[in-house]
Every structure is written in structure tokens, then in C-alpha cells.
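No experiment lies behind these values; they were computed from the predicted model shown.
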Amino acid sequence: MGMFLLVNSPLIAQLPELTGKTLGIYISAKQVNFNEDYHMDVNQFLTVEEDRSWGVNAKTEFLVRLGERLGEQLKEVTGLDSVYFLNADPARAREFIQQYNPDNGIVRPLSNRFEGTDMILIIDELTLLTRSGEYAYIRSNRIFTQRIRVKHAQLSMRWHNLEVNDHPLRTVTCFDAKESTRPPHIINLYAKDSSLGDFLTKLFSTWWLQMAHQEPNNCQDK
């Protein structure tokens with residue numbers, strides 16, 4: 001019920017009009033990066049609901065899982081008619097890469113392969129890193145500190161409307177597991193099933209709220 005209220009609140013008016021639309025999701029694989037601290041987390045994320053164990057194609061599997069789940073969630077929290085993961089369609093993915101200029105976000109005219117697609121959501125960057133931080137806890141009335149690895153990320157997203165074919169709406173989102181405000185779980189990327197799913201849920205939910213509040217970049221204060 002809480003998610004329904006968020007979607008139908010006045011905030012949604014600031015988001016692209018999605019009711020009845022068909023959306024394609026594209027993730028720039030070259031711009032998705034995570035350091036070695038995430039290897040175990042990625043493996044856990046991949047084994048949710050099915051066994052996709054860590055291997056040489058772990059990054060590809062991660063993108064597929066992320067893209068598919070993001071599409072499911074966007075359809076659930078909006079009025080979208082249908083969503084598809086562009087990377088999973090080799091012919092359309094190749095054409096899109098050829099026609100898309102990541103420097104300015106412009107997409108040159110696409111062929112009839114994209115007939116029926118109203119909008120494309122582009123993940124231009126997803127950088128997952130960790131920083132060293134201190135965690136304080138009390139034991140036997142004494143305060144102790146412990147060095148921990150804290151997840152933080154930067155996410156760059158663009159909405160491209162194929163009907164208008166103008167400059168896309170771009171949002172840059174930073175999220176720190178300790179320092180950032182925890183948002184409600186609007187875009188749920190397996191939050192209860194893995195620690196990375198919980199972190200990605202907070203990252204993408206923060207992005208959604210940025211869109212709603214017309215805040216193009218929240219990284220300057222991070």
C-alpha cells in the first residue's frame with residue numbers, strides 16, 4: 001500500500017509520462033564497474049531465485065539480473081504497458097549502440113526494430129565501490145570502534161523519449177550505505193534476499209525520488 005501511495009502522489013507528476021507506454025532498458029556494460037570487495041555480494045545477488053554461480057560471465061549475468069528486475073519493478077510501480085531489456089536482444093542492442101552518443105545522450109533515428117517502443121531508459125554509469133569507515137559499538141559499558149568496508153555508488157541514468165527525440169532527461173545519483181538518507185523501497189531489487197540487493201534497492205529508490213523532485217544531481221553533497 002505504501003508503494004501505491006508513493007506512485008500516485010503529486011511527486012509522480014515530475015517523472016516522464018509512462019502510462020500505457022512501452023519502455024526499453026539499456027545498460028552500458030563498459031560503464032558498469034565494481035571492485036573486488038563486491039565479488040561475494042554479486043555472487044549472492046545472482047543466486048537469488050536461481051543458481052547463477054560466480055564465473056567468467058558474472059558481470060554479464062549481473063547486468064541481465066539487474067536489467068530484468070528493474071524492468072519488472074518499473075512496470076509494477078508505474079502505468080507502463082510493457083518493458084523489455086534491450087541488452088538481451090542482440091540485434092536491437094547492436095543498433096542502439098551504433099546510434100547512441102553517450103557524450104551528449106543523443107540517439108540518432110532508429111529502424112523499425114524499435115517500432116512500438118516509446119521510451120528508452122539508459123544506465124550510462126553504475127560504479128560500485130567501497131570505502132573504509134569506522135563503526136562504533138558498546139560492549140560491557142565500553143565503547144569500541146571497528147574498521148569496516150562501506151558500500152557507496154554513483155549511478156547515471158537517462159530517459160530518452162523516441163517520440164520527441166530531443167535531449168534526454170539525465171539524473172546522477174550518489175548513495176553511501178552509512179551517510180546517505182535511507183529511502184523507502186520503491187524500486188525493490190531483491191532487498192530482503194542479499195546485501196547487494198538491499199544496497200541497489202536504496203540506490204535506485206533514491207534515483208526515483210530524485211526524478212520526482214527534479215533534482216538532477218545529488219552527488220555534490222556526498
Would you please classify the geometry between the Trp207 ring and the Phe204 ring as parallel, tilted or perpendicular, with 30° and 60° separating the classes?
-> perpendicular
Is it possible for you to say whether Leu203 and Leu129 belong to one hydrophobic cluster, with membership spreading through side-chain heavy-atom contacts below 4.5 Å?
-> no
Inter-residue atom distance Tyr190.OH - Gln73.CD, 0.5 Å rounding | 8.5 Å
Hey, are the side chains of Pro183 and Lys202 touching, using non-hydrogen atoms and a 4.5 Å cut-off?
-> yes
Separation between CD1 of Ile123 and CD of Gln31, rounded to the nearest 0.5 Å | 12.5 Å
Rounded to the nearest 0.5 Å, how far apart are CG of Asp198 and CG of Asp193?
-> 10.5 Å
For the salt bridge (charged side-chain N to carboxylate O under 4.0 Å, His left out) test, which of Arg131, Arg182, Lys151 pairs with Asp176?
-> Arg131
Side-chain heavy-atom pair Leu196, Phe34 within 4.5 angstrom cut-off | no
Could you tell me whether a side-chain N or O of Thr201 sits under 3.5 Å from a main-chain N or O of Leu189, the two making a donor and an acceptor?
-> yes
Looking only at non-hydrogen atoms, find the nearest pair between Phe45 and Ser194 and report the distance.
-> CD1-OG, 3.8 Å
Which is it for Leu121 and Val83 under the side chain to side chain contact (heavy atoms under 4.5 Å, CB included) test, yes or no, and what are the steps along the way?
-> CA-CA 10 Å; Leu121 176 61; Val83 184; over 6 Å; no
Do the side chains of Leu128 and Phe199 get nearer than 4.5 Å, heavy atoms only?
-> yes
Closest approach of Pro109 to Gln99 (non-hydrogen atoms, all atoms of both residues) | O-NE2, 2.9 Å
Can you find a pair of side-chain heavy atoms, one from Val32 and one from Leu66, that are under 4.5 Å apart?
-> no
Between Val107 and Ile120, is any pair of side-chain heavy atoms under 4.5 Å apart?
-> no
Taking Ser205 for its side chain and Ile187 for its backbone only, find out whether a donor-acceptor pair lies under 3.5 Å.
-> yes
Verify, without hydrogens or angle tests, whether Gln154 (side chain) and Ser156 (backbone) share a donor-acceptor contact under 3.5 angstrom.
-> no
Quick one: are Glu179 and Val150 in side-chain contact, heavy atoms under 4.5 Å?
-> no
Report yes if some heavy atom in the side chain of Leu169 is under 4.5 Å from a heavy atom in the side chain of Met157; otherwise report no.
-> no
Tell me whether Leu155 is reachable from Leu74 by hopping between hydrophobic residues (I, L, V, M, F, W, Y) whose side-chain heavy atoms are closer than 4.5 Å.
-> yes
Can you name the nearest heavy-atom pair linking Thr171 to Met211, along with the distance?
-> OG1-SD, 2.9 Å
So how far is it from Lys75 NZ to Asp81 CG, rounded to the nearest 0.5 Å?
-> 6.5 Å
Single-linkage hydrophobic cluster, 4.5 Å side-chain cutoff, Ile27 and Val172 together | no
Just say parallel, tilted or perpendicular for the rings of Tyr100 and Tyr26, cut-offs at 30° and 60°.
-> perpendicular
Within the distance-only criterion (no hydrogens, no angle test), does the side chain of Asn218 pair as donor or acceptor with the backbone N or O of Cys174 below 3.5 angstrom?
-> yes
Backbone of Asp37 reached by a side-chain donor or acceptor of Arg149 within 3.5 Å = no
Indicate yes or no for a side-chain donor-acceptor contact from Thr47 to the backbone of Gln44 under 3.5 Å, with no hydrogens or angles considered.
-> yes
To the nearest 0.5 Å, tell me how far Met119 CE sits from Leu80 CG.
-> 8.5 Å
Cationic tip of Arg92 within the cone over Tyr84's six-membered ring, i.e. under 6.0 Å and within 45° of the normal?
-> yes
Interatomic distance, Phe62 atom CZ to Leu200 atom CG [nearest 0.5 angstrom] | 5.0 Å
Test side chain to side chain contact (heavy atoms under 4.5 Å, CB included) on Thr173 and Trp208 and set out the steps.
-> CA-CA 10 Å; Thr173 304; Trp208 182 266; over 6 Å; no
Counting only N and O atoms by type, is there a donor-acceptor contact under 3.5 Å from the side chain of Glu61 to the main-chain atoms of Leu46?
-> no
For the side chain of Asp118 and the backbone of Thr22, is there at least one donor-acceptor N/O pair under 3.5 Å apart?
-> yes
Arg69 versus Asn188: any side-chain heavy-atom pair under 4.5 Å?
-> yes
Asp89 with Arg113: basic N within carboxylate O range, under 4.0 Å | no
